[in-house]
Amino acid sequence: MQVHVLGGVSAVTDDGELLDVGPAKCRALLAALAFSVGEAMSVSLLIDTVWGEDPPRTADKTLQGYVARLRKGLGPEAIVRTGAAYRLDADADAVDVVRFRRLLAAGDVEAALATWTGTPLVGVDVPGLRPAVDGLVEQWLDATEDALGRRLVADPAGVLAPLTELTAAHPFREELWALLMTALYRTGRQADALAAYRRAREHLVGELGIEPGPRLRAVEAQILGHDEELRHDPPERRVSDRPTGTVTFGYAIVADATRLWGEHRRKMALAMERFDTVVDEVTRRHDGTLVVSAGESVGVAFHRAEDAAMWATQLQVAVEQEPWPGGVEVRVQLALHTGETEELDGGYVGPAVHTTARLAAAAHRGQTLVSGVTAALLEREDLRDLGTHSFDGVGGEQDIRQLDAGGHPPIRSASRRGNLPRRLGRLVGRDAELDVVALAMEASPVVTLVGPGGVGKTTLALAAARRSEADDPRRVWLVELAEIASSDHVPNVVAETLGITGGAGRTLTDSIVAALRSRPTLLVLDNCEHVIDGAAALARAVADDAAHSRVLANVAGGPGHPRRAADHRHAPGCHRGGGRAVRRQGTRRLRSVRSGTCPCRRRRDLSPARRAAARDRAGSRAHHTPDASTAAEPAGRPPPPAGRAAADHRRAASHVAGDGAVVV
């Protein structure tokens, strides 16, 4: 049996007879199993892959039905169940996409391109496979550019038609435009070559707002100058022999090499010889310069971060697809980092090289780590944020991303996802307040704690931030604003804390928001009252444009302001008083009135289960609507004052938090 996912999803017998694989969802399931042929996929993973974020209520039962339908068309033994997982039981080479990857990793570009029969999964929507499909298309385009570049040397006229089609279908691939311009020039069509440059520039400037890169500009200059090198030399990507100045380094280490040598000494010798060949082939395809080769580790330098990222992705694929000697399963742990470097005796030295090697040592088998510097150059949205980490021998902390899509254990470092103090002040008897803040942070991008100085707003905010740090993937950064005198300096302090620098053509606030867009973050702005305008402007910018980031701000109010979000101490006359909610001037205040039994006593009298239910009801009452600011006042406290103090309170609530915030 052969399974095809390139150009559509289908299956045929070894004699070429088409098999019935059922409707679209059956084909989606077959595609999911085919991409991981021979490997068991759990039911939950298959549901996520086939339906994405919106599976049907009975997805597990529906999946069983699709498996039964596929077995009817492919044969009862084609799909094997192992526990709570399914596996497509077929040879890897029976799946066209696996053959394509294997041939490409082996350097047989022509054979790989012959396997390619069209865009993967045409006519079938498989949400969980979209990133894999995008990666395959990128690999195919890279291979196609290489193949057409070689054909251009001997037959420039013969590549004009495919290059014209490809530039129309992929107008942002500058290498395709460079090849088309070169082919047109070599066939005596100088004017058409310059017209092709203008079309390429119109696409880049008009749709992306960027000018053509160095490669396209260089080819245009060669055409205008009738450069003989352009007429006779192969149109390969011309770069200097060695990257200099700011360089992106890639470092790969064979995972578990010591164990493999101990268990398979002779086979490992053969495997390492083949490993060197695989690395060399992938490195040459991406204009890399081999700078370190030390047995089970290798370092490569690149002019561009994009080339380094493609090298890393294809090296992981090549190593995974390579048929290693029996018993030796070679995998690599890999890292990318960019920095200024110095050269010594034909090699590279300096902190950038050392940092890259240290990051690779912190990775796991099959994992590719990317430093924050390199991630900023890549400008990709699919990098997984692993937080801020410190490493032995590397100065300062590093923002780390993950390039591959795999799930791995925490990386080997002293991880910190921000700068929260490791020791927080004690927070006793304020669990209900923390619940109120947590509910508010779930519902609103900006939450403000308002109250007089000295009542523990900072301690409460830090406790809420620590709980958030444990419960979700956001990094947490504490920004202290007490020492600055002007609202204009708020972005400077935030940027300095986060390690963000301004970019050309945009404000510092724009740079902060751009960084937070790809790094989900909780900003804790402490002591905002004297720079309330600046804090409010920054909070609004984050709320508007950094969808997954949050702001938790502290603002000191007047002496009559509420001291706590909730209070577990007894109110005066509490044995005769209960609690009810009253509304005043668009805010909610929870305060004690004499109408029953003290809430504290009622909680003591309840069973643990009923106490939990009471807390849930309290949290439900405290939950706010997205367009109403909320304030919570402790039991037994006097109501907020009228006049100027009340006006200050409302101003703090609305000005920092905005309409979608909660004031606690």
What are the two closest heavy atoms between [X] and [Y], and how far apart are they?
X: Phe302; Y: Val247; value: O-CG1, 3.7 Å
X: Leu46; Y: Ala32; value: CD2-CB, 4.1 Å
X: Ala543; Y: Pro445; value: CB-CG, 3.7 Å
X: Ala352; Y: Gly339; value: CB-CA, 4.0 Å
X: Ile253; Y: Ser297; value: CG1-CB, 4.1 Å
X: Ala461; Y: Val524; value: CB-CG1, 4.3 Å

Would His286 and Gln314 count as a side chain to side chain contact (heavy atoms under 4.5 Å, CB included) here? Give the steps. CA-CA 10 Å; His286 295 284; Gln314 293 196 13; 3.2 Å; yes
Tell me if the NE2 atom of His364 is crowded by more than 12 foreign heavy atoms within 6.0 Å. yes
More than 12 heavy atoms of other residues, nucleotides or ligands under 6.0 Å from CD of Glu53: is that the case? no
Could you work out, with side chain to side chain donor-acceptor pair (under 3.5 Å) as the rule, every residue matching Ser486, not counting sequence neighbours? none
Side-chain donor/acceptor of [X] to backbone N/O of [Y], under 3.5 Å:
X: Thr49; Y: Gly128; result: no
X: Asp404; Y: Thr368; result: yes
X: His530; Y: Ile484; result: yes
X: Arg550; Y: Leu523; result: no
X: Ser549; Y: Leu516; result: yes
X: Ser371; Y: His337; result: no
X: Lys457; Y: Val555; result: no
X: Gln333; Y: Gln367; result: no

Hey, mind stepping through Val300 and Trp311 against side chain to side chain contact (heavy atoms under 4.5 Å, CB included) and telling me if it holds? CA-CA 9 Å; Val300 181; Trp311 170 82; 3.6 Å; yes
So Ser44 and Ser42, side-chain hydrogen bond (donor to acceptor under 3.5 Å, both in side chains) or not? Walk me through it. CA-CA 5 Å; Ser44 60; Ser42 68; 3.2 Å; yes
What is the distance from atom [atom1] of [X] to atom [atom2] of [Y], rounded to the nearest 0.5 Å?
X: Leu359; Y: Leu369; atom1: CG; atom2: CG; answer: 6.5 Å
X: Glu480; Y: Asp526; atom1: CD; atom2: CG; answer: 4.5 Å
X: Leu481; Y: Asn527; atom1: CG; atom2: CG; answer: 7.5 Å
X: Gln402; Y: Ile400; atom1: CD; atom2: CD1; answer: 11.0 Å
X: Met41; Y: Asp48; atom1: CE; atom2: CG; answer: 9.5 Å
X: Leu334; Y: Tyr251; atom1: CG; atom2: OH; answer: 11.0 Å

How about [X] and [Y]: do any of their side-chain heavy atoms sit closer than 4.5 Å?
X: Arg467; Y: Asp435; result: yes
X: Arg401; Y: Leu386; result: no
X: Trp51; Y: Pro127; result: no
X: Trp477; Y: Leu522; result: no
X: Val447; Y: Val551; result: no

Dump the intermediate steps for side chain to side chain contact (heavy atoms under 4.5 Å, CB included) on Val476 and Thr521, then the final yes or no. CA-CA 6 Å; Val476 182; Thr521 300; over 6 Å; no
Side chain to side chain donor-acceptor pair (under 3.5 Å) partner of Thr248, chosen from Thr356, Thr374, Thr338: Thr338
Electrostatic pair Arg130-Asp382, nearest N-O below 4.0 angstrom: no
What residues, two or more places apart in sequence or in another chain, satisfy ring-ring contact (aromatic ring centres under 6.0 Å, His included) together with Phe35? none
Is there a side-chain hydrogen bond (donor to acceptor under 3.5 Å, both in side chains) between Gln398 and Thr355? Walk through the geometry before answering. CA-CA 10 Å; Gln398 299 283 330; Thr355 298; 5.1 Å; no
Option passing side chain to side chain contact (heavy atoms under 4.5 Å, CB included) with Val531 (candidates Leu525, Leu538, Val490, Val493): Val490
